[in-house]
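All values reported here derive from a predicted model rather than from experimental measurement.
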Amino acid sequence: LSDVLLAPLRAGSPLRPAQIPQAGFGKRDIGLVCFQDEDVAQEMHLLQRVERMIVYTPAFALRGNFHLGAEQHLRDMLDTVRGRFQPMTEVTIFPLIETSVSVPSQVSVLLVNKDLVQVYYPEPSPTRGTA
């Protein structure tokens with residue numbers, strides 16, 4: 001990455017933010033990738049089937065759309081997809097820790113590191129017709 005601002009995620013860290021011209025990162029340690037350009041989703045080739053999901057990582061809960069193949073099952077989707085980073089669209093982000101950086105509450109697209117997902121399930125449908 002270029003023109004990088006490195007900042008600790010957790011509040012209270014003794015590390016100070018640092019602006020650096022270039023940096024490389026170990027993929028295992030990156031949990032989410034958010035994009036400044038909101039049009040990035042149009043450049044991605046997303047699968048057609050959309051499932052609204054709730055996803056928990058160690059630092060964030062996410063509510064958004066996963067894009068799946070026609071034959072993929074929800075129960076094992078993260079075990080069957082290729083690649084470490086999977087796209088989600090129309091995502092609401094809920095921090096589970098106190099962060100020292102600004103985290104957007106909603107993004108049109110993000111990539112989630114499937115190896116850091118602890119729990120995922122379909123978003124429950126609202127009950128209808130109850131008095």
Side-chain angles (χ1 to χ4, degrees):
L1 298 174
S2 58
D3 193 23
V4 176
L5 173 64
L6 289 177
L9 182 59
R10 288 195 183 272
S13 172
L15 299 174
R16 299 209 184 271
Q19 185 77 37
I20 54 177
Q22 291 184 336
F25 297 90
K27 290 179 183 177
R28 289 185 199 146
D29 297 325
I30 297 173
L32 303 176
V33 177
C34 294
F35 300 93
Q36 289 182 333
D37 184 359
E38 290 291 318
D39 295 331
V40 73
Q42 296 172 359
E43 298 175 23
M44 291 182 169
H45 177 49
L46 299 173
L47 297 173
Q48 293 298 313
R49 187 171 138 226
V50 175
E51 294 287 345
R52 193 85 175 147
M53 302 292 289
I54 306 294
V55 176
Y56 286 90
T57 70
F60 300 99
L62 310 168
R63 182 176 59 215
N65 297 328
F66 261 103
H67 297 262
L68 306 172
E71 301 298 319
Q72 277 182 299
H73 297 282
L74 291 179
R75 67 182 174 267
D76 61 2
M77 68 179 192
L78 292 182
D79 293 325
T80 60
V81 294
R82 292 184 183 170
R84 182 181 309 266
F85 296 99
Q86 295 302 310
M88 290 182 74
T89 57
E90 299 177 29
V91 183
T92 304
I93 302 172
F94 304 94
L96 300 176
I97 61 170
E98 185 179 346
T99 63
S100 65
V101 295
S102 175
V103 177
S105 61
Q106 294 189 327
V107 294
S108 62
V109 63
L110 67 75
L111 302 178
V112 61
N113 183 337
K114 72 176 187 175
D115 295 337
L116 296 181
V117 172
Q118 296 172 318
V119 176
Y120 65 94
Y121 54 89
E123 181 177 23
S125 299
T127 56
R128 295 179 190 168
T130 57

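- Counting non-hydrogen atoms of other residues, nucleotides and ligands closer than 6.0 Å to CD of Gln19 gives a total above 12.
- Here the CD-OH distance, from Gln86 to Tyr120, works out to 11.0 Å after rounding to the nearest 0.5 Å.
- Nearest heavy atom pair, residue Asn65 against residue Arg52, reads OD1-CD, 3.1 Å.
- Counting heavy atoms from C-beta outward, Thr89 and Phe66 have side chains that stay 4.5 Å or more apart.
- Hydrophobic clustering (side-chain heavy atoms under 4.5 Å, transitive across Ile, Leu, Val, Met, Phe, Trp, Tyr) keeps Ile30 apart from Tyr56.
- Two residues are said to be in side-chain contact when any heavy atoms from C-beta on lie closer than 4.5 Å; Leu6 and Phe25 meet this criterion.
- Checked for salt-bridge contact, Asp115 and Arg84 meet the test: a charged N lies under 4.0 Å from a carboxylate O.
- Cluster membership check: Leu96 does not share its hydrophobic cluster with Met88, using side-chain heavy-atom separations under 4.5 Å among Ile, Leu, Val, Met, Phe, Trp and Tyr.
- Nearest heavy atom pair, residue Leu111 against residue Pro87, reads CD2-CA, 3.7 Å.
- In terms of hydrophobic clustering, with Ile, Leu, Val, Met, Phe, Trp and Tyr side chains grouped at heavy-atom distances under 4.5 Å, Val117 and Val103 are assigned to a common cluster.
- Here the CZ-CG distance, from Phe60 to Leu62, works out to 8.0 Å after rounding to the nearest 0.5 Å.
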Audit row: Lys114, Phe85, side chain to side chain contact (heavy atoms under 4.5 Å, CB included) steps and yes/no: CA-CA 6 Å; Lys114 72 176 187 175; Phe85 296 99; over 6 Å; no

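- By the side-chain hydrogen bond (donor to acceptor under 3.5 Å, both in side chains) test, Glu51 is found to be paired with Arg49, residues two or more places apart in sequence or in another chain being considered.
- Salt-bridge check for Arg63 with Glu123: passed, with a basic side-chain N closer than 4.0 Å to an acidic carboxylate O.
- Side-chain atoms of Ser108 never come within 3.5 Å of backbone atoms of Glu90 as a donor-acceptor pair (strictly under, hydrogens ignored).
- Ala59 and Leu9 get closest at one heavy-atom pair: CB-CD2, 4.1 Å.
- Considering every non-hydrogen atom in both Gln106 and Thr92, the closest pair reads NE2-OG1, 3.5 Å.
- Val33 and Leu46 fall within the same hydrophobic cluster, defined by Ile, Leu, Val, Met, Phe, Trp and Tyr side-chain heavy atoms under 4.5 Å apart, directly or through other members.
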Audit row: Leu5, Ile20, side chain to side chain contact (heavy atoms under 4.5 Å, CB included) steps and yes/no: CA-CA 6 Å; Leu5 173 64; Ile20 54 177; over 6 Å; no

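- For the pair Val101 and Pro8, the tightest heavy-atom approach, listed with the atom from each and the gap, is CG1-O, 3.7 Å.
- The backbone N or O of Gln22 sits nowhere less than 3.5 Å from a side-chain atom of Asp3 that would complete a donor-acceptor pair.
- Under the 4.5 Å side-chain heavy-atom criterion for ILVMFWY residues, a single connected hydrophobic cluster contains both Ile97 and Leu32.
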Evaluation steps, side chain to side chain contact (heavy atoms under 4.5 Å, CB included), between Thr57 and Val112: CA-CA 9 Å; Thr57 70; Val112 61; 4.2 Å; yes

Side chain to side chain contact (heavy atoms under 4.5 Å, CB included) assessment of Ile93 paired with Val107: CA-CA 8 Å; Ile93 302 172; Val107 294; 4.2 Å; yes

